[in-house]
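Here the structure is a predicted model, which means the values were calculated and not measured.
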Amino acid sequence: MSETTNTYPYTLKVEPKTRREGIWQWVVRKHGKLLNRSDRDHPSEAKARAQGMEEIERMLRAAANGHPRR
């Protein structure tokens with residue numbers, strides 16, 4: 001169920017919420033350190049993964065433009 005996607009230096013982990021069946025969440029880490037996590041519930045793994053990847057892409061763009069996050 002849970003799967004980790006690596007986009008160096010960021011890692012995206014998507015997993016179901018333990019207390020709510022059918023709800024998914026994502027977590028973004030940089031070198032293992034928590035940077036961001038989903039603030040909304042996602043009804044599917046695909047939607048959670050898509051939003052998590054959007055967050056990583058935003059961080060990569062910011063770093064490329066000289067505004068690295070942490």
Self-check item: Gap separating the CZ atom of R40 from the CD atom of Q25, nearest 0.5 angstrom
Solution: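 Rounded to the nearest 0.5 Å, the CZ-CD separation comes out at 15.0 Å.
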
Self-check item: L60 CG to E55 CD distance, which is reported to the nearest 0.5 Å
Solution: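 Reported value, rounded in 0.5 Å steps: 10.0 Å.
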
Practice problem: Determine yes or no for a side-chain-to-main-chain donor-acceptor pair under 3.5 angstrom, with T7 supplying the side chain and Y10 the backbone. | Solution: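 Such a contact is absent between T7 side chain and Y10 backbone.
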
Contact summary for [X] and [Y], nearest pair of heavy atoms:
X	Y	result
L12	V14	CG-CG2, 4.1 Å
A48	W24	CB-CB, 3.8 Å
V28	G52	CG2-O, 4.2 Å

Exercise. Show your reasoning for whether side chain to side chain contact (heavy atoms under 4.5 Å, CB included) applies to Y8 and H31.
Key: CA-CA 8 Å; Y8 188 81; H31 301 296; 3.3 Å; yes

